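Just so it is clear, the structure is predicted and the values come from calculations on it, not from any experiment.
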Amino acid sequence: MFAKLTALMAPAGARPGEVAQKPSVFHAPFRDRVGVLDRDPYLCVADIDRGIISVFDDLKYDRADLDALSGPMRSRALTKLTPLGFRQVSGHRFENADEDIKIHLPKFRALGASPFDAMHELELRAQDFAILTPTQTACQFIDAYPIEDAVERIKELMSKHPINLLRIFDFLERKPAHEAFRETVGHLKFVQRTAVEAEPLRSRRALR
């Protein structure tokens, strides 16, 4: 009887005694699949090379606004990452164990903390990602890229996820990259105001 069952379980053409193996499921590498997040208006892969995902915050800001990932922002990200194989393992980390990928969320810092410091305590490996607010994302551009490139990246980001320009301005330091960015703030305020007064941003609401 056992021999008959074994024969039935064997794939066509298999030798006697061989048992069918569960077919493996192929997934493209995560970096080839993560772009699906861009289909959601509240998420965008802001920098694939540096592993930064931005979550929409709001359309308008006050310079004193708290710049941190809210509960709804975290939940939105997790909802869209779950189909990609991720689960929440702590308040500050999502993991895809099968692909050995971690997505880090910055811990809440003091109210006066600089948005430039959002990634300072994150230990990202080459395959890992970070989820940041749009303002924190813009700060990473300023520190990582030449000013012309940083400004273009920020403009593209603002067309999807506006940033708190005045808060960034308040935390600029006396170093070349920050001094160069200081000169662009007026222009970027105009670019962002134009973007939020037009669709699709004009009708978008903050996550609640």
> Distance from Q192 atom CD to K60 atom NZ, nearest 0.5 Å?
Replying inline: 11.0 Å

>> Looking at every heavy atom in both R204 and P41, which two are closest together, and how far apart are they?
In response: NH1-O, 3.0 Å

>> Using modelled atom types and a 3.5 Å cut-off, is there a donor and acceptor pairing between side-chain atoms of D38 and backbone atoms of V45?
In response: yes

> Salt bridge between K102 and D128, side-chain N to carboxylate O under 4.0 Å?
Replying inline: no

>> Is it the case that atom CZ in R39 sees more than 12 heavy atoms from other parts of the structure closer than 6.0 Å?
In response: no

> Do the numbers put R182 on top of the ring of F169, so that NZ or CZ is under 6.0 Å from the six-membered ring centre and no more than 45° off the axis?
Replying inline: yes

> Can you name the nearest heavy-atom pair linking L207 to M73, along with the distance?
Replying inline: CD1-CA, 3.9 Å

> Is T133 reaching over with its side chain to a backbone N or O of A68, donor-acceptor style, under 3.5 angstrom?
Replying inline: no

> Looking at I163, L165, L166, which hits side-chain contact (heavy atoms from CB on, under 4.5 Å) with T135?
Replying inline: I163

>> Does any part of the side chain of R193, heavy atoms only, come nearer than 4.5 Å to the side chain of E197, both counted from C-beta?
In response: yes

>> I'd like to check Y42 versus T79 (side-chain heavy atoms, cut-off strictly below 4.5 Å). Are they in contact?
In response: no

> Just wondering, do L37 and C44 contact through their side chains at under 4.5 Å, heavy atoms?
Replying inline: no

> More than 12 non-hydrogen atoms from neighbouring residues, nucleotides or ligands closer than 6.0 Å to CD on E156, yes or no?
Replying inline: no

>> Around atom CD of E123, are there more than 12 heavy atoms from other residues, nucleotides or ligands closer than 6.0 Å?
In response: no

> Does the side chain of E95 come within less than 4.5 Å of I103's, by heavy atoms?
Replying inline: no

> Do L172 and I147 belong to the same hydrophobic cluster, where Ile, Leu, Val, Met, Phe, Trp and Tyr are linked whenever their side-chain heavy atoms lie under 4.5 Å apart, directly or via other members?
Replying inline: yes

>> I want to check something: taking the side chain as every heavy atom from C-beta on, are I131 and L81 in contact at a cut-off of under 4.5 Å?
In response: yes

> When you measure from the centre of the six-membered ring of Y145, is the NZ or CZ of R153 under 6.0 Å away and within 45° of the axis?
Replying inline: yes

> Quick one: CD on Q127 to CG on N96, what's the gap to the nearest 0.5 Å?
Replying inline: 10.5 Å

> Take atom CZ in R31; do more than 12 heavy atoms of anything else shown fall under 6.0 Å from it?
Replying inline: yes

Could you tabulate the donor-acceptor pairs under 3.5 Å formed by side-chain atoms of residues 48-58, not counting sequence neighbours?
| residue | atom | partner | partner atom | Å |
| --- | --- | --- | --- | --- |
| S54 | OG | H161 | ND1 | 2.9 |

> So do I142 and I154 actually touch side chain to side chain, heavy atoms under 4.5 Å?
Replying inline: yes

> Do any pairs count as a ring pair (Phe, Tyr, Trp, His ring centres under 6.0 Å) and have a residue in residues 171-208, sequence neighbours left out, and if so which ones?
Replying inline: F116-H178

> Can you name the closest pair of heavy atoms from P106 and R74 and give their distance?
Replying inline: O-NH2, 3.5 Å

> What is the distance from atom SG of C139 to atom CZ of R167, rounded to the nearest 0.5 Å?
Replying inline: 9.5 Å

> If Ile, Leu, Val, Met, Phe, Trp and Tyr residues are connected whenever their side-chain heavy atoms lie under 4.5 Å apart, and connections chain through other members, are I168 and M119 in the same group?
Replying inline: no

>> Please evaluate residues D40 and R76 with respect to the criterion side chain to side chain contact (heavy atoms under 4.5 Å, CB included), reporting the C-alpha separation (whole Å), side-chain torsions for both, the decisive distance (0.1 Å), and the verdict.
In response: CA-CA 10 Å; D40 188 301; R76 183 73 170 212; 3.0 Å; yes

>> Could you measure the distance from the OG1 atom of T137 to the CD atom of Q140? Nearest 0.5 Å is fine.
In response: 7.5 Å

> If we only count heavy atoms from C-beta on, is the N164 to D65 side-chain gap below 4.5 Å?
Replying inline: yes

> Which atom pair, heavy atoms only, marks the closest approach of R208 to A206?
Replying inline: NH1-CB, 3.1 Å

> Is the closest side-chain heavy-atom distance between F94 and F129 below 4.5 Å?
Replying inline: no

> Could you give the distance from CE (M158) to NZ (K189), rounded to the nearest 0.5 Å?
Replying inline: 12.0 Å

> Mind checking whether F86 and L43 sit in one hydrophobic cluster, side chains of I, L, V, M, F, W, Y counted as touching below 4.5 Å?
Replying inline: yes

>> Hydrophobic clustering (ILVMFWY, side-chain heavy atoms < 4.5 Å, transitive) - are V89 and L84 grouped together?
In response: no

> Does a salt bridge link E179 with R174, judged by any charged N lying under 4.0 Å from a carboxylate O?
Replying inline: yes

> Should V196 and L188 be regarded as members of a common hydrophobic cluster, given that ILVMFWY residues are connected when their side-chain heavy atoms come within less than 4.5 Å of each other, either directly or indirectly?
Replying inline: no

> Can you check whether H104's main-chain N or O pairs, donor with acceptor, with R93's side chain at less than 3.5 Å?
Replying inline: no

> Which atom names give the shortest non-hydrogen contact between P134 and L157, and what distance separates them?
Replying inline: O-CD2, 3.5 Å

